[in-house]
Participant: 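I'd like to ask you about the structure that follows.
Because only heavy atoms are used, hydrogens play no part in the values below, and waters and symmetry mates are left out as well, while side chains stay in. Counting starts at 1 for both ligands and their atoms, in listed order.
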Amino acid sequence: MIVVQGTRPLSGTVKIQGSKNAVLPMMAAALLHEGTTVFTNVPRIQDVFCMMGILRFIGCVCRLDGHVLSVDASRILRAEIPEEYMKAMRSSIMMLGALLARQGEALTRYPGGCLIGSRPIDLHIKALKTLGAEITEEAGNIYARTERLRGAEIHFPYPSVGATENALLAAVLADGTTRITGAAKEPEIQELCLLLNQMGGRIFGIGTDRLTVEGVKRLSGAVRKVPGDRIVAGTYLAAVLACGGDARLEGVNPDHMEAVVSAFESCGGRIETGIDDLEISASGRPEAFEIITGPYPDFPTDLQSPAMTVMATARGESRIVENVFENRYRTAAELEKMGANIRICGKEAFIRGVGPTPGLLGAHVTAWDLRGGAALVTAGLAARGTTAIDGCCHIHRGYEDICLDLAGLGAGIQDGGGEKRMVSGAGLQDQQEGFRKRVDDR
Ligand code: UD1
């Protein structure tokens with residue numbers, strides 16, 4: 001449980017952690033090199049521990065020393081991903097493409113992750129089939145195999161981030177050339193392409209929705225820095241807007257945050273951008289504003305909930321259109337427990353700001369997903385009295401230490417602990433046994 005004492009202005013400097021959504025596909029890419037790949041600026045978050053668990057289960061030797069992670073994929077023992085990991089983290093699905101490329105087969109279950117929508121994986125499956133994988137799905141199991149992946153034309157009708165990453169991971173070692181159209185353009189995909197090219201891959205069109213991948217025979221190792229997390233930076237911008245104050249966020253590329261900066265300026269934030277830092281100052285209540293989420297470069301769905309918190313304190317009525325995930329309004333009911341005035345109409349939300357009297361009021365609330373949890377922490381910072389947030393296991397999936405970061409800005413915030421965290425490798429033996437049994441029973 002995280003406990004927050006609200007209404008203190010925020011001020012100071014935060015070093016932004018490495019990006020969750022960048023490091024996870026990068027870790028999957030490490031599987032494609034029969035040797036060691038090293039990542040620096042790795043966030044110490046639950047999703048990284050979970051991905052380390054998967055890599056270890058497969059046979060890799062992973063070592064996380066501070067924020068430096070080495071993955072030695074010299075020896076692969078099996079091509080299976082245990083159900084426990086798939087349930088814990090949806091991104092584990094991207095291991096499918098990497099395992100197919102490395103081992104010619106992969107066995108897993110349907111993925112889990114945040115409860116923010118139905119989150120199908122049809123685009124992943126279709127792309128891998130197009131590259132020559134045979135995939136059978138039965139009773140929640142997914143079994144993929146291939147003699148050889150072959151370059152092909154892949155078109156995504158929707159720019160899915162994960163499916164684009166899976167296609168890239170599979171295509172980079174395929175025979176011949178793959179052309180991907182309708183690809184997602186998120187900065188994290190650009191990072192994956194840059195890593196793969198550093199390892200010897202031949203990917204062209206990086207940063208566009210038309211990627212060309214010329215398959216190569218093998219990849220070599222690399223040492224690569226994980227970029228700063230634009231979503232964590234956006235969360236802290238939202239916190240300063242909701243509470244007032246000024247903060248400098250270091251270690252994140254503002255070029256990747258244009259839609260966020262523009263939305264947060266439209267409600268009164270004054271934001272200066274540097275090469276790898278941002279400074280924000282805000283005073284008084286924010287003005288009402290509008291966001292429409294969409295694939296990059298549009299406003300990121302991951303910052304929709306933190307933006308909703310800002311809107312809950314703003315002057316006038318704000319509007320959100322959520323175009324990416326259909327269930328991403330669950331946090332609204334929790335914000336209402338704190339006095340927020342929110343009306344949901346399909347994929348639109350209308351938020352009439354409250355305050356300053358009585359404004360948001362401290363309450364006992366529950367995080368139902370990762371970014372919704374961060375939004376509740378932000379609301380607690382802006383609310384009178386004490387807010388207690390349960391369900392913080394979701395927050396730990398993506399924020400290394402949100403309490404430490406915000407306390408460094410002067411917030412009254414404490415992580416009361418008491419929630420189970422996954423430690424990579426712990427209990428793995430049991431999980432392996434259970435998974436093996438289910439595989440044998442198949
Ligand atoms: C990634 C991010 C997540 C972010 C999301 C959208 C990671 C680890 N996670 O998730 O933080 O919120 O991008 O920016 O990088 N879809 C299908 N079929 C598919 C795949 C996706 O219909 O096969 C739909 C989803 O249901 C959703 C939309 O496409 O409505 C976007 O999903 P996608 O871009 O794939 O998100 P993720 O890769 O899961």
Side-chain angles (χ1 to χ4, degrees), residues 18-29 43 45-48 50-51 54 85-86 88-98 110-130 135 137 142 154-170 180 182-192 209 226-227 229-232 234-235 256-257 259-260 291-307 321-331 347 369-375 394-395 397-399:
S19 160
K20 169 179 93 68
N21 289 355
V23 73
L24 297 173
M26 290 166 87
M27 289 170 76
I45 54 176
Q46 291 300 304
D47 275 11
V48 164
C50 182
M51 192 58 119
I54 295 173
Y85 290 117
M86 288 302 281
M89 187 183 66
R90 179 183 161 83
S91 328
S92 38
I93 191 67
M94 72 193 51
M95 292 300 290
L96 211 56
Y110 267 88
C114 284
L115 297 172
I116 55 176
S118 60
R119 305 190 83 166
I121 54 165
D122 54 315
L123 300 174
H124 299 246
I125 301 283
K126 197 163 164 238
L128 296 175
K129 280 185 174 168
T130 308
I135 302 183
E137 301 165 71
I142 305 173
I154 297 173
H155 176 71
F156 289 118
Y158 181 90
S160 157
V161 174
T164 303
E165 288 165 348
N166 238 332
L168 285 164
L169 289 164
I180 308 174
K185 296 182 289 193
E186 267 66 3
E188 294 76 23
I189 290 180
Q190 300 177 33
E191 266 310 313
L192 175 63
D209 63 356
V226 177
D229 195 313
R230 64 191 171 105
I231 305 300
V232 171
T235 307
H256 294 158
M257 299 184 65
V260 175
I291 59 167
I292 301 176
T293 70
Y296 186 82
D298 289 352
F299 192 93
T301 175
D302 286 349
L303 284 173
Q304 181 254 100
S305 302
V321 183
E322 172 54 66
N323 280 323
V324 183
F325 290 113
E326 70 270 28
N327 273 356
R328 220 164 198 178
Y329 284 137
R330 206 161 173 190
T331 303
K347 61 184 194 173
D369 65 70
L370 165 56
R371 306 303 171 184
H394 292 293
I395 299 175
R397 282 191 41 218
Y399 294 81

Participant: For the backbone of T293 and the side chain of N323, can you confirm whether one donor and one acceptor N or O come within less than 3.5 Å of each other?
Facilitator: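 Yes; judged by distance alone, with no hydrogens or angles, the pair exists.
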
Participant: Sequence neighbours excluded, which residues qualify as side-chain contact (heavy atoms from CB on, under 4.5 Å) partners of D229?
Facilitator: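 side-chain contact (heavy atoms from CB on, under 4.5 Å) check on D229 returns I16, Q17, S19, K20, I231, V232.
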
Participant: Should you measure from each heavy atom of I121, which atoms of ligand 1 turn up under 4.0 Å away?
Facilitator: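 It comes down to these atoms of ligand 1: 19 (C), 23 (O).
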
Participant: Is it the side chain (CB and beyond), the backbone, both or neither of Y296 that lies under 4.0 Å from ligand 1, heavy atoms counted?
Facilitator: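 Looking at Y296 and ligand 1, no heavy atom falls under 4.0 Å.
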
Participant: So, 4.0 Å and heavy atoms of E188: is ligand 1 close enough to count as a contact?
Facilitator: no

Participant: Return a yes/no value for R90: is any of its N or O atoms, backbone included, closer than 3.5 angstrom to an N or O of ligand 1?
Facilitator: yes

Participant: Start with the C-alpha gap between L168 and L192, add the side-chain angles, then the distance that decides, and say whether side-chain contact (heavy atoms from CB on, under 4.5 Å) holds.
Facilitator: CA-CA 9 Å; L168 285 164; L192 175 63; 4.2 Å; yes

Participant: Could you tell me which atoms of ligand 1, counted from 1 in the order shown, lie closer than 4.0 angstrom to a heavy atom of Y158?
Facilitator: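 Checking each atom against Y158, I get 28 (C), 29 (O), 31 (C).
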
Participant: Would you indicate whether the side-chain heavy atoms of D302 and N21 approach each other to under 4.5 Å?
Facilitator: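 A side-chain contact exists here, since the closest heavy-atom pair is under 4.5 Å.
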
Participant: Any idea which heavy atoms bring P159 and A184 closest together, and the distance?
Facilitator: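 It is O-CB, 3.3 Å.
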
Participant: Say whether D122, considering both its backbone and side-chain N or O atoms, lies within less than 3.5 Å of an N or O atom on ligand 1.
Facilitator: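 Among all N and O atoms of D122, at least one is under 3.5 Å from an N or O of ligand 1.
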
Participant: Below the 3.5 angstrom mark, is there an N/O of S91, backbone or side chain, next to an N/O of ligand 1?
Facilitator: no

Participant: Show the atoms of ligand 1 that are less than 4.0 angstrom away from any heavy atom in R328.
Facilitator: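 Atoms satisfying the 4.0 Å criterion: 12 (O).
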
Participant: Does an N or O from N21, backbone or side chain, lie closer than 3.5 Å to an N or O of ligand 1?
Facilitator: yes

Participant: Using heavy-atom distances, let me know which of D47, I189, L192, L123 sits nearest atom 23 (O) of ligand 1.
Facilitator: L123

Participant: Thinking salt bridges, do D209 and K185 make one under a 4.0 Å N-O criterion?
Facilitator: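 A salt bridge is absent here (no side-chain N lies under 4.0 Å from a carboxylate O).
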
Participant: Can you confirm, on distance only, whether ligand 1 has an N/O atom lying under 3.5 Å from any N/O atom belonging to G162?
Facilitator: yes

Participant: Tell me whether V324 has any N or O atom under 3.5 angstrom from an N or O of ligand 1.
Facilitator: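 There is such a contact, yes.
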
Participant: May I ask you to decide if G97's main-chain N or O and N166's side chain share a donor-acceptor pair within less than 3.5 Å?
Facilitator: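 Confirmed, N166 side chain pairs with G97 backbone.
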
Participant: May I ask which of S19, P25, P120, S160 has a heavy atom nearer to atom 19 (C) of ligand 1 than the others do?
Facilitator: P120

Participant: I'd like to check E188 versus Y296 (side-chain heavy atoms, cut-off strictly below 4.5 Å). Are they in contact?
Facilitator: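 No; the side chains remain at least 4.5 Å from each other.
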
Participant: So, using side-chain contact (heavy atoms from CB on, under 4.5 Å) as the criterion, who are the partners of A127 when residues are at least two apart?
Facilitator: I154, F156, A167

Participant: Between M94 and ligand 1, is there a nitrogen or oxygen pair with a distance under 3.5 Å?
Facilitator: no

